[in-house]
Amino acid sequence: MGAYGSVKAAIRRTVTGTWNRFAASDPGLLRLMAGLRTVGAIVLALVVLALLGTGVTLLVAGAMAAMVATFAIREKEVRGQAVTLALGLPVALAAVALGALLHSRIIAGDLFFIALIFGAAYARRFGDRGTALGLIGFQVYFVSLFVHATVATLPELFLTLTVAFVCSAVVRFAVFPDTPERTLSRLREAFRARLAQLVATHRELVDTGPEELDSVLDDLRRHTARLHETALMIQGRLEEGTRDSATAALLQRRIADAEIAAERLGMTLLNARSAERTDTLTLHLPHAPVPATANRMQSEGDAVATLRRDLDALGLLVARRAPGDRGTALAHVRNRLLGYRDEEDLPRGSMAVQDAFRALGEAARAVLGLRLALDGPQDESDDTSATTRSREEFDAEDLAIVGVEEDEEDERTGLQRPTTRAAFQVAAGSALAIVGGEFLSTQRWYWAVLTCWVVFLNTGSTGEVLVKGYRRLLGTVLGVVAGVALAGLVGNHTWTAFALVLLCVFGMFFTAPLSYALMSFFVTAMLGLLYTLLNTYSVATLVLRIEETALGAACGIIAAVLVLPVHTDRRTDEHLGAVLDRLQEAVSAAVAQLSGGPAADLLTLARDLDTALNDLRDSTQPLMHPITPLRVRRQTARYLVALLETCAYHARSLAATAEVLPSSRSVAADPRLERVGRRIARNIDLIAARVKEEPADGEVEAGASIASLLDADGSPVPPSHTVTFRVLRHLQRLDEGVVGIARALDVPVTGRAGRKNI
């Protein structure tokens, strides 16, 4: 029995570990659920239609309609999904009816198609519901072209569409039901899994030699970025997934605490192992140079052995789930780690190693706070004084919770509104695609229009359209090769072809957020199978697919360049200006509160900064893409984004520290910080004015360090182990980052010498 129990435990650990890795790779299982829900809707629609004796052509139409009815709806609340799905059916019926009526009227049909495309793109201004209804209208009209709908076939098509939409509703609300609460719960589990991965990487960092350091650093950067990504995803689900704003704000604070503590732990470990101090930029800039010195921690002896043990213990605290983990041993581990927040409990070692133990204690505190927020009150019978102090701090912080604020509406109007501009662009590009597509093929011209349509989805600049068109063409070429191979294997086996179609559909939706080229590959492979089912397959058809795709991408690019163009540089500057504004707001509010000023919703300001930075990161993708010929600009964009990510980290840390100021025993307001905040805010304002091409007097001020500004009145710099010193260090790094941004953007900088770092 002992051997059997050991094997069973090993299998359970393997299964749990595999699931944790999968949950970490797909936060909230959003991609898995999207794939399963779409495939389930298609399968159910095919079964029902087959029982009704429907022909293969209508089976294909039903499968495509079920797919559209499922993936088009992106609303978070169940009631909103139901309303949109109910409205989508009459939209789909009207689209297929018009497609059939205009089947033989070429010019009228083309003009209506262009108008439909314009309306579908313009409808995105009305949010998720407008986007879904526009997408349903466009895609179902495309289905009518694909199956050559006629007036005579309308009754059967109406029945097919109705069955498809009903099956989509059954799968969405009964087979794979989902609610904002469930999605948020899965996202929280993904955050826990990714935090565990990051802690495991921290453990590797302790013993890694100079030869393997680059590889471990890549893992550290990747896991840190993935943890931040999950935190942002949770932020987007808080309002719908929690019962009230106070609960949302509590979870937001605990997630932010855990993220900041984990990132700080990584930085302290990097500093402890290197003889030269590592800058925070190391965690955000790919391939950033790191001193290739020997691992200094290896000479620390017992202290490093303890550090290894306690990093493993922290990983255990993160990985274990409540309520089945309330044993005495786990409480002992938690108490020991929390004890490192007290100076007298720190193991003997160098200052850098002791700093790592302090960060370990703060990380344990963040994990405890996260578990209290997620799982509620826990057994306190084994608490030590350090654990009791942490709980009391959490209770005091919870009293000062500020609710989540509503998002600001876009105030732009007319052609300044992105959806309006995109509607004109995609309509113009589609008109070109229709004309060019007719020259290539009078039967398959709509593939060019579809490509032109999709390259404008979720893009905002000429560069983004270019990159997306390139990725779609690449995926299409590879998909044609796969389609030829699959069509040869399937032959006349109808249900085998449908099974492979379902696999392609799942692959399409599972990989869509990861790689647009991979998604296009699955789409094209699926089309090869659909043509086989419709008995219209030929290699020439799939080659034509490549030609139409290339034409559609080219038409989209031409429209993006000539019709109300938004150049990549202009869009990037807009997002850069927004990031700088959010950075200035977050830093100014945090420093004001740390100086004794009024309280503000600092974590929301920090998350607004993260959202703006995420938009900037997306807009710079064309500049940083491997195919860009402008290598210098690519390096500059990458360096600038890394600097801003570094500044955002320090701003989050300042906000988290200032949030606990009213209830903390270790942090006190310091009025001297106000002058520091004024200088940093002024520097950011000068950079933002230069980016926005607004008039601004003066130069970015560098030179005197934060410590020099603080001890101008003769007061000493606080000891290195205090929280106040940590605040000063965040301000120092933030100040250096802002000056670095100014230099990268060629903004004049004065006072470059005489810095005294802390």
Side-chain angles (χ1 to χ4, degrees), residues 34-75 77-103 109 112-113 116 119-120 123 128-178 446 450 494-495 498 501-502 505 509 526 530 533-534:
L36 291 177
R37 196 176 289 119
T38 306
V39 169
I42 294 174
V43 169
L44 184 59
L46 289 176
V47 170
V48 173
L49 291 172
L51 292 176
L52 294 176
T54 305
V56 173
T57 300
L58 292 178
L59 284 176
V60 171
M64 295 178 72
M67 180 177 69
V68 172
T70 304
F71 81 77
I73 298 175
R74 298 295 179 87
E75 291 177 270
E77 295 183 352
V78 175
R79 184 175 181 276
Q81 295 173 8
V83 171
T84 303
L85 191 60
L87 294 174
L89 179 57
V91 171
L93 295 177
V96 76
L98 287 168
L101 290 171
L102 299 174
H103 176 72
F112 173 75
F113 201 13
L116 177 62
D128 290 337
R129 181 164 298 162
T131 301
L133 295 179
L135 192 57
I136 288 172
F138 171 83
Q139 293 287 1
V140 172
Y141 190 85
F142 176 82
V143 170
S144 72
L145 297 175
F146 187 78
V147 299
H148 303 291
T150 61
V151 175
T153 60
L154 272 182
E156 292 178 312
L157 279 171
F158 282 174
L159 176 62
T160 299
L161 290 179
T162 303
V163 168
F165 272 73
V166 170
C167 290
S168 176
V170 169
V171 171
R172 176 180 292 275
F173 301 119
V175 181
F176 294 110
D178 206 4
Y446 44 78
L450 180 64
T494 301
W495 292 109
F498 269 121
V501 166
L502 293 177
V505 169
F509 287 96
M526 177 189 70
L530 290 179
L533 290 171
L534 295 173

Query raised in the report: Distance from T153 atom OG1 to F158 atom CZ, nearest 0.5 Å?
Result: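 Going from the OG1 atom of T153 to the CZ atom of F158 covers 9.5 Å.
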Query - Approximate separation, where rounding is to 0.5 Å, of M526 CE and L502 CG - result: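 Spacing of CE (M526) from CG (L502) equals 10.5 Å.
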Taking all non-hydrogen atoms of both residues, which atom of [X] and which atom of [Y] are closest, and how far apart?
X: A97; Y: L154; result: CA-CD2, 3.8 Å
X: G134; Y: A120; result: O-CB, 3.3 Å
X: V151; Y: P155; result: O-CD, 4.0 Å
X: A149; Y: L157; result: CB-CD1, 3.4 Å

Query - L450 vs F146 side-chain heavy atoms within contact, under 4.5 Å - result: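 They are not in side-chain contact.
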**Report entry** Sequence neighbours excluded, every pair satisfying salt bridge (charged side-chain N to carboxylate O under 4.0 Å, His left out) that has a member inside residues 44-64
**Finding:**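 Of all non-adjacent pairs touching residues 44-64, none passes salt bridge (charged side-chain N to carboxylate O under 4.0 Å, His left out).
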Requested in this report: Any pair with a residue in residues 142-158 that passes salt bridge (charged side-chain N to carboxylate O under 4.0 Å, His left out), sequence neighbours left out, goes on the list, sorted by first then second residue, please.
Outcome: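 Qualifying pairs: none.
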Query - Test log, rule side-chain contact (heavy atoms from CB on, under 4.5 Å), inputs T131 and R74 - result: CA-CA 9 Å; T131 301; R74 298 295 179 87; over 6 Å; no
Less than 3.5 Å apart, which donor and acceptor atoms pair up between the side chains of residues 83-93 and the rest of the protein, not counting sequence neighbours?
{"residue": "T84", "atom": "OG1", "partner": "E75", "partner atom": "OE1", "Å": "2.1"}
{"residue": "T84", "atom": "OG1", "partner": "G80", "partner atom": "O", "Å": "2.9"}
{"residue": "T84", "atom": "OG1", "partner": "R129", "partner atom": "NE", "Å": "2.9"}

All N/O donor-acceptor pairs, side-chain side in residues 38-60, below 3.5 Å, sequence neighbours left out:
{"residue": "T38", "atom": "OG1", "partner": "A34", "partner atom": "O", "Å": "2.8"}
{"residue": "T54", "atom": "OG1", "partner": "L49", "partner atom": "O", "Å": "2.9"}

Query raised in the report: Tell me, which pairs form a side chain to side chain donor-acceptor pair (under 3.5 Å) where one or both residues lie in residues 132-149, sequence neighbours left out?
Result: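 Non-adjacent pairs meeting side chain to side chain donor-acceptor pair (under 3.5 Å): zero.
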Report task. Kindly state each residue pair satisfying side chain to side chain donor-acceptor pair (under 3.5 Å) with at least one member in residues 63-73, sequence neighbours excluded. Result ->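 Found T70-S168.
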Query raised in the report: What pairs with F142 under ring pair (Phe, Tyr, Trp, His ring centres under 6.0 Å), at least two apart in sequence or on another chain?
Result: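 Testing F142 for ring pair (Phe, Tyr, Trp, His ring centres under 6.0 Å), a comparison that skips the adjacent residues, returns Y446, W447.
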Query - ring pair (Phe, Tyr, Trp, His ring centres under 6.0 Å) partners of F509, counting only residues at least two apart - result: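 Partners of F509 by the ring pair (Phe, Tyr, Trp, His ring centres under 6.0 Å) criterion, ordered by chain and then number, come out as F71.
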Query raised in the report: Who are the side chain to side chain contact (heavy atoms under 4.5 Å, CB included) partners of L36, not counting sequence neighbours?
Result: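 So L36 forms a side chain to side chain contact (heavy atoms under 4.5 Å, CB included) with L32, F176, F506.
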Query - Contacts of V166 that satisfy side chain to side chain contact (heavy atoms under 4.5 Å, CB included) - sequence neighbours left out - result: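 If we apply the side chain to side chain contact (heavy atoms under 4.5 Å, CB included) test to V166, skipping adjacent residues, the hits are T162, V170.
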**Report entry** Contacts of type salt bridge (charged side-chain N to carboxylate O under 4.0 Å, His left out), residue R37, not counting sequence neighbours
**Finding:**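 Testing R37 for salt bridge (charged side-chain N to carboxylate O under 4.0 Å, His left out), a comparison that skips the adjacent residues, returns D178.
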